[in-house]
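Below, chains carry the letters A, B, ... as their sequence lines are ordered, and counting in each starts from 1.
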2 protein chains.
Amino acid sequence: MKEVTPEVTIRRLTRYLRCLEFMSENGKKVVLSKELAKTCKISSSLVRRDLSYFGDFGVKGTGYDIEVLKQKIRNILGIDRTRNLIVIGIGNVGRVLLNYQFMNPGLRIIAGFDKDPQKAGKKINGIPVYHDDKLEEFIKNNNISIAVVAVPRDAVHEVVNRLVNSGVKAILSFALIPIQVPEDVVLSYVEIESELEILSYKLKTRGL
Amino acid sequence: MKEVTPEVTIRRLTRYLRCLEFMSENGKKVVLSKELAKTCKISSSLVRRDLSYFGDFGVKGTGYDIEVLKQKIRNILGIDRTRNLIVIGIGNVGRVLLNYQFMNPGLRIIAGFDKDPQKAGKKINGIPVYHDDKLEEFIKNNNISIAVVAVPRDAVHEVVNRLVNSGVKAILSFALIPIQVPEDVVLSYVEIESELEILSYKLKTRGL
DNA sequence: CCGTGTGAATGGCTTCACAGCC
DNA sequence: GGCTGTGAAGCCATTCACACGG
């Protein structure tokens, strides 16, 4: 049980959660830090250290109960409660998101928004799509924790500003363009091109 | 000019590149480490340190020439040459990728693959889609650096094994399930759900 | 004079190694 | 006996502060 938790630890926690979900699907009940470490390609002491920031979840001599650990991590991440999400921009990326099967029921997309009137009024995977001009009203009337921005590059700035002004505190963007948001708003990115570039770099360092 | 480059530096390099691309679009020619730092929300000394691992790209008293710096970073990342990519699985995610407009011409998707015979023979965004059973042959006949896996969860394992056996050395997966690959193969993930979980965590630490 | 590049110092993440408990 | 949880050590990334060059 420690003081300050490094951000990298949180990122690894999500990785552990994916591994644990996979293990329970395969009927596994208990896991050792060593096993979790191997699947995540890190050291077992780091796994134990990461988990120890939040409590004593393991049993000495035995390991970790997978169901218990999953629930603990969900609790730490704040996805044991329901997080209502919205998606802005129902193009190719937006459609992927509306069809996304989340492993955790806490993450729930409850609406999509698009400027195209043709798309408004329809449902995708059971999720209603509204016209863009209903955005602010919807955010205020519903309990929106997180918004995902999947609009074209040149519309990102405007959309983010509208989200911030409507009180959204967490935004995930698919377009990696620099945006300034207030201190109390968290902004992160899904960086497909960057990930590919990092792979390219690693190939290069291996002489390929 | 330093010895070993931390992996985080490479990740930040891709971020700098996005910022620089954005700046040149807006007609900017020269940038200070301080400006780059501000848009990336890090310290200016870290920007300078990151760049100094690879050479003296700046001009003392003046800053960095944006075009020069872009080219240097592309060179470091190994995307100054052409990287031929393929996408396996042409569902929603696969379609996003084939339609993806890369900022860097070095990254080039040259084919898609799918098990569905209906999809084979068509083109998406000018990129040919082949039947899955042509995968190995195509990899061997073309110069494939990187493969992107966008198949359903339960097919990932098999696809990754086939890629590895065909000689692919870098794989980007959209399904975050644990896979073992040989030492000389780089595997990374696009983790949409994990990013959302991290946002949820940050909201929670802020009392939301 | 101004901003980069970099030794030196700092701070924080990871590993080590073992005490404690099942 | 075996594995977790954790002080202490080690190591590596970041910051500091200033010499250097335009």
Quick one: does [X]'s side chain get under 4.5 Å of [Y]'s, heavy atoms only?
{"X": "B/Arg18", "Y": "A/Ser194", "result": "yes"}
{"X": "B/Val164", "Y": "B/Lys169", "result": "no"}
{"X": "A/Ile86", "Y": "A/Ile109", "result": "no"}
{"X": "A/Ile179", "Y": "A/Ile171", "result": "no"}

For the side chain of [X], counting heavy atoms from C-beta on, which of [options] is nearest?
{"X": "B/Leu32", "options": "C/dC16, C/dT4, D/dT15", "answer": "C/dT4"}
{"X": "A/Ser52", "options": "C/dG7, D/dA17, D/dT6", "answer": "D/dT6"}
{"X": "B/Val8", "options": "D/dT14, C/dC16, D/dC16", "answer": "D/dT14"}
{"X": "A/Pro6", "options": "C/dC13, C/dT15, C/dT6", "answer": "C/dC13"}

Report the distance from atom [atom1] of [X] to atom [atom2] of [N], rounded to the nearest whole Å.
{"X": "B/Asp56", "N": "C/dG5", "atom1": "CG", "atom2": "P", "result": "5 Å"}
{"X": "B/Ile10", "N": "D/dA13", "atom1": "CD1", "atom2": "P", "result": "11 Å"}
{"X": "B/Phe54", "N": "C/dT4", "atom1": "CZ", "atom2": "P", "result": "18 Å"}
{"X": "B/Leu46", "N": "C/dA9", "atom1": "CG", "atom2": "P", "result": "20 Å"}
{"X": "B/Leu51", "N": "D/dT14", "atom1": "CG", "atom2": "C1'", "result": "15 Å"}
{"X": "A/Asp50", "N": "C/dG12", "atom1": "CG", "atom2": "C1'", "result": "14 Å"}
{"X": "B/Ile42", "N": "D/dA13", "atom1": "CD1", "atom2": "C1'", "result": "12 Å"}
{"X": "B/Leu13", "N": "D/dA13", "atom1": "CG", "atom2": "P", "result": "14 Å"}

Short side-chain N/O contact from [X] to OP1 or OP2 of [N], under 4.0 Å:
{"X": "B/Ser43", "N": "D/dT15", "value": "yes"}
{"X": "A/Tyr64", "N": "D/dG5", "value": "yes"}
{"X": "B/Ser33", "N": "C/dG3", "value": "no"}
{"X": "B/Arg12", "N": "D/dT14", "value": "yes"}

I'd like to know whether the aromatic ring centres of B/Tyr130 and B/Phe113 sit less than 6.0 Å apart in this structure. yes

Can you pull every protein N or O that's under 3.5 Å from an N or O on nucleotides 19-22 of chain D?
none

I'd like to know if the side chain of A/Asp114 and the backbone of A/Ile90 have a donor-acceptor N/O pair within less than 3.5 Å. yes

Name the residue closer to the 5' end of DNA chain C, choosing between A/Thr9 and B/Ser45 according to the nucleotide with the nearest heavy atom. B/Ser45

Judged by modelled atom types alone, do B/Gln71 and B/Asp80 share a side-chain donor-acceptor pair under 3.5 Å? no

